[in-house]
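Only one structure is covered here, and it is reproduced in the block below.
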Amino acid sequence: MSKKLKIGLFGFGCVGQGLHYVLNNSTGFKADIVKIAVKNREKKRTVAADLITYDKWEILNNPEIDVVVELIDDADEAFNIVSEALKRGKHVVTANKKLLAEHLEELYKLQQENNVSLLYEASACGSIPIIRTLEEYFDNEELVKVSGIFNGTSNYILTKTISEKLTYGEALKQAQDKGFAETDPTNDVEGFDPKFKAIIIALHAFGLIIKPEQVLNLGVTTLHENDIKYASEKGYKIKLTPIIQRVEENKISVFVAPRFVKANNHLFNVDNEFNGVIVEGKFSGEQFLQGKGAGSYPTGAAVLSDISALSHGCKYEFKKYAQKKSPEFTNEVLLHVYFRYNKVEELKRFELAEVNEKYTGTEYNYVVGKLNLQQILNNREFILKNNLFLSLVDETVELDQKVNKQIVSKELELV
Ligand code: HSE
């Protein structure tokens, strides 16, 4: 029989309170929160005062506590807490995607060295059990692609502004009031949050560890009425979609960008704070998972599921990473995009590998064609600063033969 776990909780914000509620209202699983460490001494708390501490060591040095649950906002302090806990032989559950995406390799080693478990289902796509699905079910199968909607706030804003005609400010305020948004919502709307989640998923799906700065994240802040008009006329919805794609046997591409989604795509009807994940296996084909991607109770439920899994000895095995046959990461791919710009000089920064459609008007211009991902990443700041908008028109991710030929010819010159 599994033993009743003693939990030390860090953070009592949206997810911390969600976990507290879900735990106290669960009939199936029991665990005790013995201490809650918080930062703000002024905030009124809804739990008994003797549960609260302002001193992290009260939890980290308490031998009675066997599980640390880390749900604070500050990713750097979260890293200190999680590493100290693992070094002290405590199991850890976290929902902090930034912490994970920035330190996957160190955290992997800390788990191995200290023979403890770090679980983080709630860090990616809220209540959708994507990490465990990849870890346990797809641990052996070679995957082709994982894509979807990994951020509830931006999806909520896109749904409310486009379909329900709320202003951007109103929709964002609602997402904040409902507890979906990050403390700094730039993380949501500029695509940082789904990028961190894509990086975590890339490790479990493909055995690949990459750094956030290697990965393009474009968001929805420069989306304009004219882009919405273009998409609506063609029957598309606009979604912010991370794509993690095998482009060759040993090459994986990862990025986050807006995408025009057709009505026959699984993601078309994933609205509001819902997330969706499509996993494509070499043999199994496509699987689609949908669920609430943000919010106090759904995320609290995912944290509780990890705590319950710990009580049964669950530990990620990272099989695809541990095999030491990890694929290479590449940005040298072509994406099929709609690109809206103001002046011809802006377009000239990009080399179009193919042009399918072009519009030149008095107010704005756009082109539909193929662009190199690395070139888009190099111009990310420029795109944002000049209010340009780029969206995928389909899911095509193909190796950029031109770049690869150049690389090959450079290598030949060296020989
Ligand atoms: N801000 C995140 C989102 C919370 O909107 O998806 C869940 O990770």
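In listed order, ligands and their atoms are each counted from 1.
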Does NZ or CZ of R41 come closer than 6.0 Å to the centre of the six-membered ring of Y54, within 45° of the ring's axis?
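Satisfied, under 6.0 Å and within 45°.
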Any side-chain heavy atom of L347 sitting closer than 4.5 Å to one from L352?
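A side-chain contact exists here, since the closest heavy-atom pair is under 4.5 Å.
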Side chain, backbone, both or neither: which applies to D188 and ligand 1 if a contact is any heavy-atom pair less than 4.0 Å apart?
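Within the 4.0 Å criterion, D188 contacts ligand 1 through side-chain atoms alone.
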For side-chain hydrogen bond (donor to acceptor under 3.5 Å, both in side chains), just list the numbers for Q17 and T46, CA-CA rounded to whole Å, side-chain angles, deciding distance to a tenth of an Å, and then say yes or no.
CA-CA 9 Å; Q17 290 175 49; T46 52; 4.8 Å; no
Give me the residue, atom name and distance of the protein heavy atom closest to [atom].
{"atom": "atom 2 (C) of ligand 1", "result": "E182 OE2, 3.2 Å"}
{"atom": "atom 5 (O) of ligand 1", "result": "T153 OG1, 2.7 Å"}
{"atom": "atom 8 (O) of ligand 1", "result": "K97 NZ, 2.7 Å"}

What are the atoms of ligand 1, with element, lying closer than 4.0 Å to any heavy atom of K197?
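So the atoms of ligand 1 that pass are 2 (C), 3 (C), 6 (O), 7 (C), 8 (O).
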For ligand 1, is there an N or O atom under 3.5 Å from any N or O atom of A181?
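No, A181 has no N/O under 3.5 Å of an N/O on ligand 1.
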Salt bridge between D271 and K239, side-chain N to carboxylate O under 4.0 Å?
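Salt bridge present between D271 and K239.
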Heavy-atom distance to atom 7 (C) of ligand 1: which of P194, G152, G293 wins?
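Among P194, G152, G293, the closest heavy atom to atom 7 (C) of ligand 1 comes from G293.
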Considering all heavy atoms of both residues, which atom of F206 and which atom of R246 are nearest to each other, and what is their separation?
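Taking F206 first and R246 second, the nearest heavy atoms are CD2-NH2, 3.6 Å.
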So, Y366 and D227: side-chain donor and acceptor under 3.5 Å apart, yes or no?
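Per modelled atom types, Y366 and D227 side chains form no pair under 3.5 Å.
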